[in-house]
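Quick one: the structure is below, questions incoming.
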Amino acid sequence: YAAKQTGEPVRRWTPALDERAGEFVRLGAEIRTALDLGQFRVVYQPIVELPAGRVAAVEALVRWEHPVRGLVSPAAFIPVAERNGLIVELGEWILRTACHRLAAWRSDLGPAAPDRISVNVSARQLARPHFAATVAAALADSGLPASCLAVEVTETAVFEGGQAVVALHELRALGVRIALDDFGTGHSSLGLLQTVPVDILKVDKSFVDNVTEAGRPTVIADALYQVSAGLGLVAVAEGVETAEQAEALHRLGYRYLQGYHFGRPVAEPDFTPATVVVLA
Ligand code: C2E
Ligand code: MG
Ligand code: MG
Ligand code: MG
């Protein structure tokens, strides 16, 4: 009954599920080893500013180079790390790596460096006391100004309020930007904008996929842009894969776009402006 309430399908406990639980524990232990052996990498995906196509920001995304499994997707191991608590150590390593990376680009590239780096932060990290102090230490050690960092949090991570929202206020006070990730797909999207400090709305790919056609996703992408503009927030459209989608989003008012059309996440993005034909 409890499972039904949360919308989870009710399943009987079977040997297959036992095996999956075992796999979960194994993967958890391997994450510990991977941290010790340095098997994680951070890659960076451009967030492009229209109309010129300058790389205004990058999003840091973690990768696991597993010696046997190959490149493991964060979708496979982040939930495990969240459950066993290793996300705290892994997340701090990602944060520090990202801050040092942008600090290095700033000193190597000067004005061609992106203005900001965006780092995904999970609910479990945000809910820890002193999370903002961890961020402040990462900024101080790297020499990166707080205004050059954004943290990406999901609606689900903050909708219950509590320490997570306290942490966002503390981060804001440091000068760090707050982005709501996958916006429009979680809990209480619009309500959160009244209660949570936010600077950036990352409009979910699900609204971008069909933005070239008249239909519900386009109406929602339009409405979300209007809400962000009205509230003085920056809207970023996620998962832009084609020039046609980029054009449609530009017509709706979007100035910041991210997606395979502009560049995949890589170790060393190309920051030369207008290497990509932004609009057809
Ligand atoms: P996200 O934060 O929403 O990141 C965007 C995801 O969409 C990334 O997948 C990115 O590679 C992918 N993507 C970007 N453009 C396109 C596109 O045009 N088409 C398609 N199909 N996909 C696109 P990735 O790197 O596999 O990460 C998946 C999710 O894992 C992230 O979603 C985020 O929730 C989580 N994640 C990744 N790195 C971290 C991290 O360092 N810390 C935490 N806590 N979570 C992370
Ligand atoms: Mg993100
Ligand atoms: Mg996202
Ligand atoms: Mg997304």
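Only heavy atoms go into these numbers, but all of them, side chains included; no hydrogens, no water, no symmetry mates. All ligand and atom numbering here is 1-based and tracks the order in the structure. By convention here, the first residue in the shown sequence is residue 1.
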Taking only heavy atoms of Ser122 into account, list the atoms of ligand 1 that are under 4.0 Å away from them.
44 (N)

Would you mind telling me if ligand 1 is within reach of the side chain of Arg63, the backbone, both or neither, using heavy atoms under 4.0 Å?
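Just the side chain.
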
Go through ligand 1 atom by atom and flag the ones less than 4.0 Å from a non-hydrogen atom of Pro265.
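Those of ligand 1 that fall under 4.0 Å from Pro265 are 11 (O).
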
Taking 4.0 Å as the limit for heavy-atom contacts, which would you say applies to Glu59 with ligand 1: side chain only, backbone only, both, or neither?
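Side chain only; the backbone of Glu59 stays clear of ligand 1.
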
With a heavy-atom distance limit of 4.0 Å, tell me whether Lys202 approaches ligand 1 through its side chain, its backbone, both, or neither.
neither

Could you tell me, atom by atom, which parts of ligand 1 come under 4.0 Å of a heavy atom of Gly239?
16 (C), 17 (C), 18 (O)

Please, which pairs that meet side chain to side chain donor-acceptor pair (under 3.5 Å) have at least one residue in residues 214-228, sequence neighbours excluded?
none

Test Glu65 against Arg41 for salt bridge (charged side-chain N to carboxylate O under 4.0 Å, His left out), laying out the working first.
CA-CA 7 Å; Glu65 282 173 14; Arg41 307 275 176 265; 3.0 Å; yes

Rounded to the nearest 0.5 Å, what separation is found between the CD atom of Glu170 and the CG atom of Leu168?
9.5 Å

Tell me the nearest of Leu257, Asn120, Ile87, Thr185 to atom 33 (C) of ligand 1, using heavy-atom distances.
Asn120

Taking side chain as C-beta onward, heavy atoms only, is Pro46 less than 4.5 Å from Gln258?
no

With ILVMFWY side chains joined below 4.5 Å, transitively, what does Val236's cluster contain besides itself?
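Its cluster mates, by chain and number, are Ile47, Ile200, Val234, Tyr256.
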
Side chain or backbone, does Gln258 bring an N or O within less than 3.5 Å of an N or O on ligand 1?
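No; every N/O pair is 3.5 Å or more apart.
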
What part of Val43, side chain, backbone, both or neither, has a heavy atom within less than 4.0 angstrom of ligand 1?
neither

Atom indices of ligand 1, in the order listed, that fall short of 4.0 Å to a heavy atom of Val62:
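Every atom of ligand 1 under 4.0 Å from some heavy atom of Val62: 38 (N), 39 (C), 40 (C), 41 (O).
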
Counting only heavy atoms, tell me which of Gly91, Ala75, Pro74 gets closest to atom 27 (O) of ligand 1.
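Answer by nearest heavy atom: Pro74.
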
So, Arg124 side chain and Arg83 main chain: donor-acceptor pair closer than 3.5 Å or not?
yes

Rounded to the nearest 0.5 Å, how far does CZ of Arg106 lie from CG of Leu144?
6.0 Å

If we only count heavy atoms from C-beta on, is the Tyr254 to Leu50 side-chain gap below 4.5 Å?
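Not in contact.
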
Should Gln45 be counted as touching ligand 1, given the test is an N or O pair under 3.5 Å?
yes

N, O or S atoms of the protein lying under 2.8 Å from the Mg ion (ligand 2):
Glu59 OE2, Asn120 OD1, Glu152 OE1, Asp181 OD2

Does only the side chain of Ile94 get under 4.0 Å from ligand 1, or the backbone, or both, or neither? Count heavy atoms.
side chain

Could you list the atoms of ligand 1 found under 4.0 angstrom from a heavy atom of Glu238?
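Here the atoms of ligand 1 in question are 3 (O).
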
Quick one, Glu30 with Arg26, criterion salt bridge (charged side-chain N to carboxylate O under 4.0 Å, His left out). Give me CA distance, side-chain angles, the key distance, then yes/no.
CA-CA 6 Å; Glu30 278 195 68; Arg26 259 197 308 280; 5.9 Å; no

Using 0.5 Å steps for rounding, measure from the CZ atom of Phe207 to the CG atom of Leu252.
13.5 Å

With sequence neighbours left out, the residues meeting salt bridge (Lys or Arg N to Asp or Glu O under 4.0 Å) with Glu155 are none

Have a look at ligand 1 and work out which part of Asp181, if any, has a heavy atom under 4.0 Å from it: side chain, backbone, both or neither.
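It is the side chain that touches ligand 1; the backbone stays farther off.
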
How many angstroms lie between OG in Ser147 and CG in Leu174, if you round to the nearest 0.5 Å?
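With rounding to 0.5 Å, OG (Ser147) is 11.5 Å from CG (Leu174).
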
Enumerate the atoms of ligand 1 whose separation from the nearest heavy atom of Glu241 is less than 4.0 angstrom.
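By the 4.0 Å cutoff, the relevant atoms are 17 (C), 18 (O), 19 (N), 20 (C), 21 (N).
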
Quick check on contacts: which atoms of ligand 1 are under 4.0 angstrom from a heavy atom of Lys205?
19 (N), 20 (C), 21 (N)

CD1-CD distance between Ile117 and Glu59, expressed to the nearest 0.5 angstrom:
9.5 Å

Between Lys205 and Glu238, is there a salt bridge with N-O shorter than 4.0 Å?
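So Glu238 does not pair with Lys205 through a salt bridge.
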
